[in-house]
Each structure stands twice: as structure tokens, then as C-alpha cells.
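Below: one structure, written as C-alpha cells.
Note: hydrogens, waters and symmetry copies are ignored here, and every other heavy atom, side chains too, is used.
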Amino acid sequence: MHANTQDFQVFYKAVGVAGGSLTAGGMGDAVEVTSGAVDRNGFDSAQLLFTGNTNCAAGQTLKVTVRVAESEDGTAFGADETLANAVTVVTGGAAPQSFCFRVDLRVANRKRFIRMRVTPDLSAASTDTAQWGAALVLGGADEFPVR
């Protein structure tokens with residue numbers, strides 16, 4: 001089958017994982033957020049995109065930890081595997097900053113369902129803030145649709 005740019009949505013599937021607001025040392029900071037079960041059936045790869053904007057003071061940081069767990073049935077998940085551990089996404093500056101951090105994930109060898117856990121962490125105390133969201137983009141479709 002010949003694919004063109006209009007076929008993009010056929011080969012990929014995006015799933016919202018989580019999102020929220022953080023205040024350094026307060027609401028949402030260093031709090032792990034867990035997605036629902038994501039059915040990865042029919043796809044062999046994925047990317048988790050952690051994106052948003054932050055207002056970090058000079059010398060302060062926004063870090064993220066990303067973990068994944070697998071399940072056969074979408075309810076009983078095994079142990080988490082850490083994909084990114086306290087990775088610095090933003091180092092503060094004079095102006096608000098936008099960010100997008102990508103974590104690649106091979107899902108072909110995994111069980112049918114996966115669950116993502118994202119923990120954003122601001123280093124300052126009470127002054128820095130961030131708005132963030134995470135999405136899992138499944139790619140590498142096993143089958144192409146009939147047109």
C-alpha cells in the first residue's frame with residue numbers, strides 16, 4: 001500500500017496519559033501520576049511525550065521520572081520498569097520556558113496492556129511553577145487498513 005501524509009492517523013495512535021500543575025515544594029510537585037491501562041495491541045513501538053511550560057528561577061530545575069508496567073488483562077500489573085530516572089528537562093532562566101521530553105519505548109515484546117507513571121519534580125521551594133501533560137504515541141502498526 002502506498003501511504004501519503006493523509007494516512008498519518010492510520011499508522012499512529014495517541015493516548016493521553018496525565019497532566020497537571022505543579023508548585024515547587026507544594027501542589028503536584030514530586031507526585032507520581034499513573035495512567036490508565038493502554039492497549040498496545042497492533043503496535044510495536046511507542047513514545048511518551050512529556051511537555052509543557054515552566055517558570056524556574058535561575059539555577060533551578062524541572063526533572064521527570066518515567067516508569068512503565070505491563071499486564072495481560074489491563075488490571076493486574078507487574079513491577080514497574082524505570083525508563084527515565086530524575087532526568088533534567090529544564091534548567092531555569094530569566095523567562096518562562098517551554099519543554100518537550102521524549103522517552104522511546106519498544107512495546108512489541110511486552111504484554112498487551114501497559115501503564116505509564118510520570119513524576120515531575122521542581123527543585124526550588126515554593127516559587128517555581130509548571131504546567132505539564134504527557135501523551136503516549138503508539139506507532140509501527142502491525143497491519144495497514146484496507147481502503
Is there a continuous path of hydrophobic side-chain contacts, each under 4.5 Å between heavy atoms, that joins Val103 to Val87?
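Yes, because Val103 and Val87 connect within a single hydrophobic cluster, where side-chain heavy atoms sit under 4.5 Å apart.
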
Can you find a pair of side-chain heavy atoms, one from Leu136 and one from Leu49, that are under 4.5 Å apart?
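Sidechains of Leu49 and Leu136: no contact.
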
For [X], side chain to side chain contact (heavy atoms under 4.5 Å, CB included) partners two or more places apart:
X      : result
Ala37  : Phe77, Phe113
Asn109 : none
Val33  : Ala18, Trp132

Does this structure show an ion pair linking Arg110 with Glu72, if we count only N-O contacts that are shorter than 4.0 Å?
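Between Glu72 and Arg110 there is no salt bridge, as every charged N stays at least 4.0 Å from the carboxylate O atoms.
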
Residue pairs, two or more places apart or on separate chains, that pass side chain to side chain donor-acceptor pair (under 3.5 Å) and touch residues 17-31
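Found Ser21-Gln131.
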
Testing the basics here: between [X] and [Y], what is the closest heavy-atom pair and its distance to 0.1 Å?
X      : Y      : value
Gly28  : Leu22  : O-CD2, 3.3 Å
Asp39  : Lys13  : O-NZ, 3.4 Å
Leu138 : Ala46  : CD2-CB, 3.7 Å
Asp44  : Arg106 : O-NH1, 3.2 Å

Okay, side chain of Thr54, backbone of Thr129: is any donor-acceptor separation there less than 3.5 Å?
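Indeed, once roles are kept as given, a pair shorter than 3.5 Å links the two residues.
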
Short question: side chain of Ser71, backbone of Ala76 - any donor-acceptor pair under 3.5 Å?
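Pair found, side chain donor or acceptor close to backbone of Ala76.
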
With side chain to side chain contact (heavy atoms under 4.5 Å, CB included) as the test, would you mind laying out the steps for Asp73 and Arg112 before giving the verdict?
CA-CA 7 Å; Asp73 61 6; Arg112 180 169 178 171; over 6 Å; no

Rounded to the nearest 0.5 Å, what separation is found between the CD atom of Glu70 and the CZ atom of Arg40?
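Output value for this atom pair is 8.5 Å.
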
Pairs under 3.5 angstrom only: tabulate donor-acceptor contacts from the side chains of residues 57-69 to other protein residues two or more places apart or in another chain.
{"from": "Gln60", "atom 1": "OE1", "to": "Ser123", "atom 2": "OG", "distance (Å)": "2.8"}
{"from": "Gln60", "atom 1": "OE1", "to": "Ala124", "atom 2": "N", "distance (Å)": "3.2"}
{"from": "Thr61", "atom 1": "OG1", "to": "Ser123", "atom 2": "OG", "distance (Å)": "3.4"}
{"from": "Thr65", "atom 1": "OG1", "to": "Ala86", "atom 2": "N", "distance (Å)": "2.9"}
{"from": "Arg67", "atom 1": "NE", "to": "Glu32", "atom 2": "OE2", "distance (Å)": "3.1"}
{"from": "Arg67", "atom 1": "NH1", "to": "Asp80", "atom 2": "OD2", "distance (Å)": "3.4"}
{"from": "Arg67", "atom 1": "NH2", "to": "Glu32", "atom 2": "OE1", "distance (Å)": "3.2"}
{"from": "Arg67", "atom 1": "NH2", "to": "Glu32", "atom 2": "OE2", "distance (Å)": "2.3"}
{"from": "Arg67", "atom 1": "NH2", "to": "Asp80", "atom 2": "OD2", "distance (Å)": "3.2"}

Among Thr51, Val89, Leu48, find the residue that satisfies the side chain to side chain contact (heavy atoms under 4.5 Å, CB included) test when tested with Phe101.
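Going through the options one by one, the only one that passes is Val89.
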
Checking side chain to side chain contact (heavy atoms under 4.5 Å, CB included) between Met116 and each of Val15, Leu83, Val38, which is the one that passes?
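With Met116 as partner, Val15, Leu83, Val38 yield a single side chain to side chain contact (heavy atoms under 4.5 Å, CB included), made by Leu83.
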
Listed by chain and number, what are the salt bridge (Lys or Arg N to Asp or Glu O under 4.0 Å) partners of Asp104, not counting sequence neighbours?
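Residues passing salt bridge (Lys or Arg N to Asp or Glu O under 4.0 Å) with Asp104: Arg102.
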
